[in-house]
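Accompanying notes for the structure given below.
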2 protein chains.
Amino acid sequence: MRIGELSRRSGVSVPTIKFYLREGLLPPGELTSPNQADYADAHLRRLRLIRALIDLAGLPVVRVKEVLESLDSDDQALHHRIGAVHRALAPPRQPAEDDGARAEAQVRELIEKRGWTIEPDAPAIGTLAETIAALYALGQGDLAADLDSYADAVERLAEREVAAVASRPDTDRIAESVVVGTIVGERLITALRLLAQEHVSARLLGSAPGDSQSE
Amino acid sequence: MRIGELSRRSGVSVPTIKFYLREGLLPPGELTSPNQADYADAHLRRLRLIRALIDLAGLPVVRVKEVLESLDSDDQALHHRIGAVHRALAPPRQPAEDDGARAEAQVRELIEKRGWTIEPDAPAIGTLAETIAALYALGQGDLAADLDSYADAVERLAEREVAAVASRPDTDRIAESVVVGTIVGERLITALRLLAQEHVSARLLGSAPGDSQSE
DNA sequence: ACTTATGGATAGTATCACTATCCACAGAAC
DNA sequence: GTTCTGTGGATAGTGATACTATCCATAAGT
């Protein structure tokens with residue numbers, strides 16, 4: 001297939017595809033002559049993945065590139081590839097605030113208590129610590145007090161997700177599933193959580209004290 | 001307090017604070033003379049909230065403004081204010097793809113089955129449908145098959161979150177907690193989920209078949 | 001008196017994610 | 001075999017976003 005068809009089938013404009021090729025997000029097609037190249041189904045799949053990472057996960061292009069690179073590094077153990085994907089997905093670090101130390105201690109304590117096997121330099125540790133520190137700084141530290149029930153919930157989910165993903169036939173598909181599951185799954189959880197919040201808030205607050213409608 | 005102190009205490013530069021004032025993110029201080037204004041603790045708190053929404057949640061400035069506006073509209077029932085916040089937080093809609101109808105039906109079915117009280121135009125419905133449609137398009141539809149266990153997990157979390165938040169003394173603090181809890185809580189869940197995934201993947205995949213290290 | 005800080009306005013900058021345009025040439029259609 | 005659309009590759013331009021920089025008259029602190 002040539003670039004025009006790739007564009008039509010992916011919904012991505014030709015100039016944008018060219019841009020992704022330049023940026024190295026998409027591998028070049030196979031040249032059949034100096035100005036003619038052939039693209040395969042793998043290109044189409046890769047393009048859809050790129051759009052999902054950009055549109056759904058809101059990743060910047062450079063980060064997409066890193067994710068795809070760790071996806072393509074097939075000379076590592078699968079678990080290590082997952083780690084690489086996680087590292088590429090981590091949001092940029094904020095300079096640690098006052099509550100940083102307390103928050104990080106809380107995170108390490110949680111990991112210890114749950115017996116989780118986590119590399120000590122996992123980027124999510126920093127992200128989590130920053131987030132908890134931010135909650136303290138915003139005077140909402142009590143929301144972080146219940147970390148354990150959050151951990152319960154996500155551990156169950158992770159259990160299912162990893163199991164589902166590990167059942168794929170080949171490792172390349174597994175790695176791709178990890179990316180999609182991590183990134184798109186996050187949005188799925190977010191949206192579902194908003195729905196659940198709306199339901200619960202309708203029930204608990206719909207006409208409760210503090211409701212200006214009832215006063 | 002004057003703008004210099006506000007800057008020092010918040011860690012936000014004076015020009016940036018001026019920018020937020022211009023953009024209407026931060027209400028103006030009380031003028032004590034034509035070129036001298038006084039800022040209160042509320043300004044400091046608001047500024048920290050703004051930074052959290054921008055840095056932690058990655059919201060663009062215009063969206064932050066919308067969130068703050070729905071936060072300040074105190075003439076509504078609390079449950080409605082939560083809805084307004086949710087609406088302001090919704091990511092921009094994507095044009096629906098082929099799988100859109102199927103996905104939306106699946107979402108409505110889930111809501112019905114769980115007996116959730118959700119307004120039919122809740123933005124999260126669209127977000128969720130899009131996300132599921134994207135999973136189908138990426139050939140990872142099976143990740144969406146288990147929607148119910150995701151719903152279980154988030155329903156429990158929402159239950160705790162809304163209860164925690166509803167226990168605040170005054171409605172303004174409740175509304176602020178809703179924003180912080182929704183936005184920052186999301187990052188908390190994300191980071192925890194990554195940790196849980198790493199743990200589970202270490203256990204299930206650390207030296208499993210498909211692991212190039214063991215072959 | 002004098003240095004520093006302030007409120008308000010206006011203009012400029014860096015980054016990002018594309019778009020637009022150009023070119024010589026390929027392939028397909030007549 | 002020529003004409004017309006499509007292509008790979010390169011280079012330059014655009015629009016949006018989130019600040020920064022500068023200026024000014026005036027106020028506060030020393």
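In what follows, every chain begins at residue 1, and chains take the letters A, B, ... in the order their sequences are listed.
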Taking only Lys NZ, Arg NE, NH1 and NH2, and the carboxylate oxygens of Asp or Glu, determine whether Glu161(A) and Arg193(B) approach each other closer than 4.0 Å.
yes
List the residues meeting salt bridge (Lys or Arg N to Asp or Glu O under 4.0 Å) with Arg22(A), not counting sequence neighbours, and say none if there are none.
none
Between dT20(D) and Thr16(B), is there an OP1 or OP2 to side-chain N/O distance shorter than 4.0 Å?
yes
May I ask you to decide whether Asp72(B) forms a salt bridge with Arg46(B), counting only side-chain N to carboxylate O separations under 4.0 Å?
yes
Nucleotide dT19(C), atom C1' - distance to CD1 of Ile17(A) in whole Å
14 Å
Look at Glu5(B) together with Arg2(B) and state whether they make a salt bridge at an N to O cut-off of under 4.0 Å.
no
For Asp55(A) and dA17(C), give me the distance from atom CG to atom C1', rounded to whole Å.
12 Å
Provide a list of protein-nucleic acid N or O atom pairs under 3.5 angstrom, restricted to nucleotides 5-9 of chain C.
from   : atom 1 : to       : atom 2 : distance (Å)
dT6(C) : OP1    : Gly4(B)  : N      : 3.0
dT6(C) : O2     : Asn35(B) : ND2    : 3.3
dG7(C) : OP1    : Ala37(B) : N      : 3.2
dG7(C) : OP1    : Ala37(B) : O      : 3.3
dG7(C) : N7     : Lys18(B) : NZ     : 2.8
dG8(C) : N7     : Lys18(B) : NZ     : 3.2
dG8(C) : O6     : Lys18(B) : NZ     : 3.2

In this structure, how many angstroms lie between the P atom of dC19(D) and the CG atom of Leu26(B), rounded?
13 Å
Atom-to-atom span, CD of Glu23(B) to P of dT20(D) - whole angstrom:
14 Å
What is the separation between atom OH on Tyr20(A) and atom P on dA17(C), rounded to the nearest whole Å?
9 Å
At what distance, to the nearest 0.5 angstrom, does CD of Glu130(B) lie from CZ of Arg93(B)?
4.5 Å
Does atom CD (Glu69(A)) have a neighbourhood of more than 12 heavy atoms from anything else shown, all under 6.0 Å?
yes
Spacing of Arg63(A) atom CZ relative to dA17(C) atom C1', expressed in whole Å:
15 Å
